[in-house]
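So the structure is just underneath, and the comments pick up after that.
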Amino acid sequence: MEGEKIKFENGRIKVPDSPVIPYIEGDGTGPDIMRTSKKVWDSAVEISYNGKREIKWLEIFAGEKAIELYHNPLPEETYDAIREYRVAIKGPLITPVGGGYRSLNVSMRQRLDLYACVRPSRHYKGVPTPVKNPEELDVIIFRENTEDVYAGIEWEMGTAEAKKVIDFLKEEMKVSIRSDSGIGVKPISEFATKRLVRKALEYVVANNRKSLTLVHKGNIMKFTEGAFKNWGYEVALDEFRDRVITEDELWDQVKAEDGVTPVQKEGHYAELRGGRPSGDPGGRIIIKDRIADQMFQQILLRPSEYHVLALPNLNGDYFSDACAAQVGGLGMAPGANIGDEIALFEATHGAAPKYAGLDKVNPTALILSGVMMLEYLGWDEVAQLIKESINRTISKKLVTYDLARQLKGATELKCSEYGDALIKNMKEVSGKMPRDL
């Protein structure tokens with residue numbers, strides 16, 4: 001087909017002016033939101049580059065459409081295309097509950113070794129939220145994507161396999177487990193942890209973010225989540241020593257400068273342990289860690305103090321949804337799954353099959369996933385244009401039904417009409433049409 005392949009040279013991405021990018025339409029509402037999103041992305045590229053650059057789309061298949069064509073929900077041809085073209089984007093896919101095939105999203109992340117699930121949360125002006133100051137939250141979550149509960153190692157209660165594991169643990173490890181238990185194994189490895197934290201720190205450095213926080217439950221699970229914290233610090237101090245300072249080092253600096261005694265530390269300076277070091281990091285990135293349950297409170301009460309989070313899989317799943325809720329919900333929540341030289345972008349939400357074909361749902365999460373893709377390609381002008389247009393469009397209360405029912409005086413638009421409004425505002429932002437919206 002027309003277009004050229006994205007390549008990597010010495011670990012750096014090389015993007016041609018006409019890159020071939022595979023896309024998966026998705027199940028349920030996927031066709032509606034993908035159709036609108038592609039129109040927005042293509043228009044933004046055209047406006048930004050006046051035809052000098054263009055995405056060449058290649059449809060590949062997963063989910064219900066793949067079953068119709070290949071009798072397989074996730075054919076090898078799909079994996080091969082993503083490996084060949086390096087960057088892809090997908091709509092939501094349905095995962096059967098309690099039976100059927102395993103999550104296609106999880107399968108793709110693991111088969112393609114897309115070990116970093118990256119989910120930003122920031123507020124767009126005018127989006128209704130349940131918090132008072134949603135603009136204070138601007139955080140990027142790096143969630144480990146291959147281990148922890150995603151390893152999928154478990155045995156059903158009452159099976160021979162579960163009994164065998166329980167008997168082994170009782171007899172060999174002297175662990176007391178009820179015989180009517182289901183059993184799961186939660187692996188967290190040094191290798192997977194360090195490459196995730198490394199990826200997060202590379203992002204922090206490249207984007208001039210102020211801090212990286214390791215979120216864990218290491219006070220209870222010392223050899224898995226506690227190890228995640230320890231290995232994270234090791235990466236920071238071994239590989240980024242000249243760029244980082246730990247929160248404890250910052251505390252020592254404050255003590256040295258102010259002559260604080262241990263007793264005073266627990267009094268006047270106790271706020272340091274709440275996440276507000278008052279020392280000067282000297283332009284360096286602050287490395288922090290927080291217990292997961294405490295962090296849920298912190299992200300609500302002191303969101304502006306956190307910038308990038310690195311978490312094991314399950315913690316990262318909870319936190320990404322919780323942060324999305326603070327800025328308007330999953331309809332505004334983009335995402336990406338990134339490996340060393342392959343990236344697959346996707347919205348965080350599900351397929352909502354009851355709205356399939358109604359041209360109704362909010363495409364913003366998928367559009368913003370495409371914005372992340374454009375930033376990954378280095379096409380920052382295009383990404384910024386789309387974000388500015390989203391701000392303008394929602395500020396004018398031109399929104400889909402999910403936001404319209406929460407905004408007094410809003411104009412409810414269909415999915416496709418919302419896309420058209422974004423394109424019109426992009427032209428306005430770029431100065432290529434009169435202000436008529």
Start with the C-alpha gap between V139 and H307, add the side-chain angles, then the distance that decides, and say whether side-chain contact (heavy atoms from CB on, under 4.5 Å) holds. CA-CA 5 Å; V139 70; H307 307 96; 5.9 Å; no
Heavy-atom check, side chain of I141 versus side chain of P120, under 4.5 Å: no
Give me the ring orientation class for Y203 and F142: parallel if the planes are under 30° apart, tilted from 30 to 60°, perpendicular past 60°. tilted
Any side-chain to backbone donor/acceptor pair from Q406 onto D402? Under 3.5 Å, distance only. yes
Dump the intermediate steps for side-chain contact (heavy atoms from CB on, under 4.5 Å) on D113 and R195, then the final yes or no. CA-CA 12 Å; D113 201 22; R195 68 176 180 175; 2.7 Å; yes
Nearest-0.5 Å distance, CG of residue D321 to CG of residue L330: 5.0 Å
Run the salt-bridge test on E305 and R302 with the 4.0 Å N-O cut-off and return the result as yes or no. yes
Give the intermediate values and the outcome of side chain to side chain donor-acceptor pair (under 3.5 Å) for residues T400 and E412. CA-CA 5 Å; T400 48; E412 181 176 331; over 6 Å; no
Main-chain N/O of L301 paired with Q298 side-chain donor or acceptor, under 3.5 Å: no
T159 side chain to E156 main-chain N or O, any donor-acceptor pair under 3.5 Å? yes
Hey, does the side chain of E234 reach the backbone of K194 with a donor-acceptor pair shorter than 3.5 angstrom? no
Taking the side chain as C-beta and beyond, is there a heavy-atom pair between H123 and L137 under 4.5 Å? no
Looking at I245 and P281, what are the two nearest heavy atoms and their distance? CG2-CB, 4.0 Å
Could you tell me whether the side chains of S18 and E2 share a donor-acceptor contact shorter than 3.5 Å? no
Are more than 12 heavy atoms, taken from residues, nucleotides or ligands other than E76, located less than 6.0 Å from that residue's CD atom? yes
Are any non-hydrogen side-chain atoms of H216 and I291 less than 4.5 angstrom apart? yes
Pair K52 + D17: basic N to acidic O under 4.0 Å: no
Going from CD1 on I24 to CZ on F345, what distance comes out if it is rounded to the nearest 0.5 angstrom? 13.5 Å
Is there a donor-acceptor contact under 3.5 Å from the side chain of T193 to the main chain of E190? no
CG of N10 to CD1 of I13: how many Å apart, nearest 0.5 Å? 14.0 Å
Apply the side-chain hydrogen bond (donor to acceptor under 3.5 Å, both in side chains) test between S416 and each candidate in T36, D32, D359; give the one that qualifies. D359
If you count the non-hydrogen atoms of other residues, nucleotides and ligands that lie under 6.0 Å from CZ in R241, is the total more than 12? yes
Scanning both residues in full, the closest heavy-atom pair of I33 with N362 reads CG2-O, 4.2 Å
Above 12 or not: heavy atoms from other molecules or residues under 6.0 Å from NZ of K397? yes
Could you tell me whether the side chain of F61 reaches within less than 4.5 Å of the side chain of I67, counting heavy atoms only? no
Backbone N or O of I183 within a donor-acceptor pair of the S181 side chain at under 3.5 Å? no
Looking at NZ of K56 and OH of Y85, how far apart are the two atoms once the value is rounded to the nearest 0.5 Å? 13.0 Å
Can you say whether the rings of Y355 and Y401 are parallel (under 30°), tilted (30 to 60°) or perpendicular (over 60°)? tilted
Please report the closest heavy-atom contact between S121 and S320, naming both atoms and the distance. OG-O, 4.3 Å
Check step by step if side chain to side chain donor-acceptor pair (under 3.5 Å) holds for D248 and T246. CA-CA 5 Å; D248 283 342; T246 70; 5.4 Å; no
Main-chain N/O of N391 paired with S395 side-chain donor or acceptor, under 3.5 Å: yes
Rounded to the nearest 0.5 Å, what separates atom CD in E144 from atom CG in N315? 12.0 Å
Is the NZ or CZ atom of R243 both under 6.0 Å from the centre of the six-membered ring of F240 and within 45° of that ring's axis? no
Quick one: are N145 and N337 in side-chain contact, heavy atoms under 4.5 Å? yes
Hey, mind stepping through I287 and S211 against side-chain contact (heavy atoms from CB on, under 4.5 Å) and telling me if it holds? CA-CA 6 Å; I287 307 299; S211 70; over 6 Å; no
Sidechain-backbone polar pair: T146 side chain, Y115 backbone, donor-acceptor under 3.5 Å: no
Contact check, side chains of K125 and I394, non-hydrogen atoms, under 4.5 Å: no
Please report the C-alpha distance between W41 and W379 in whole Å, then the side-chain angles of each, then the deciding distance to 0.1 Å, and finally whether the ring pair (Phe, Tyr, Trp, His ring centres under 6.0 Å) criterion is met. CA-CA 11 Å; W41 300 326; W379 292 11; over 10 Å; no
Nearest heavy-atom approach of L385 to S48 is CD2-OG, 3.7 Å
Does the cation-pi check pass for K90 over Y23, that is, NZ or CZ under 6.0 Å from the six-membered ring centre and within 45° of its axis? no
E247 and R290 ion-paired at < 4.0 Å: yes
Just wondering, do D317 and R119 contact through their side chains at under 4.5 Å, heavy atoms? yes
Distance-minimising heavy-atom pair for A200 and A310: CB-CB, 4.5 Å
Show your working on salt bridge (charged side-chain N to carboxylate O under 4.0 Å, His left out) between E59 and R35 and close with a plain yes or no. CA-CA 12 Å; E59 186 174 9; R35 189 181 308 113; over 6 Å; no
Is there a donor-acceptor contact under 3.5 Å from the side chain of E388 to the main chain of M426? no
Would I140 and R209 count as a side-chain contact (heavy atoms from CB on, under 4.5 Å) here? Give the steps. CA-CA 10 Å; I140 312 290; R209 305 289 280 194; 4.0 Å; yes
K222 side, atom NZ; I220 side, atom CD1 - distance, nearest 0.5 Å: 6.5 Å
Decide yes or no for E64 and I94: does some side-chain heavy atom of the first lie under 4.5 Å from some side-chain heavy atom of the second? yes
Please lay out, stage by stage, how N425 and R392 fare under the test side chain to side chain donor-acceptor pair (under 3.5 Å). CA-CA 7 Å; N425 269 324; R392 280 179 176 244; 4.9 Å; no
Can a cation-pi geometry be assigned to R122 and Y124, taking NZ or CZ under 6.0 Å from the six-membered ring centre and within 45° of the ring axis? yes
Carboxylate-amine/guanidinium contact E25 K38, below 4.0 Å: no
A cation-pi test, strictly: NZ or CZ of R111 under 6.0 Å from the centre of the six-membered ring of Y79 and no more than 45 degrees from its axis. Yes or no? yes
Write down the atom of I153, the atom of P187, and the distance for their closest heavy-atom approach. CD1-CG, 4.3 Å
Hey, is the main chain of D148 close enough, under 3.5 Å, to the side chain of N313 for a donor-acceptor pair? no
Does K186, at its NZ atom, have more than 12 non-hydrogen atoms belonging to other residues, nucleotides or ligands within less than 6.0 Å? yes
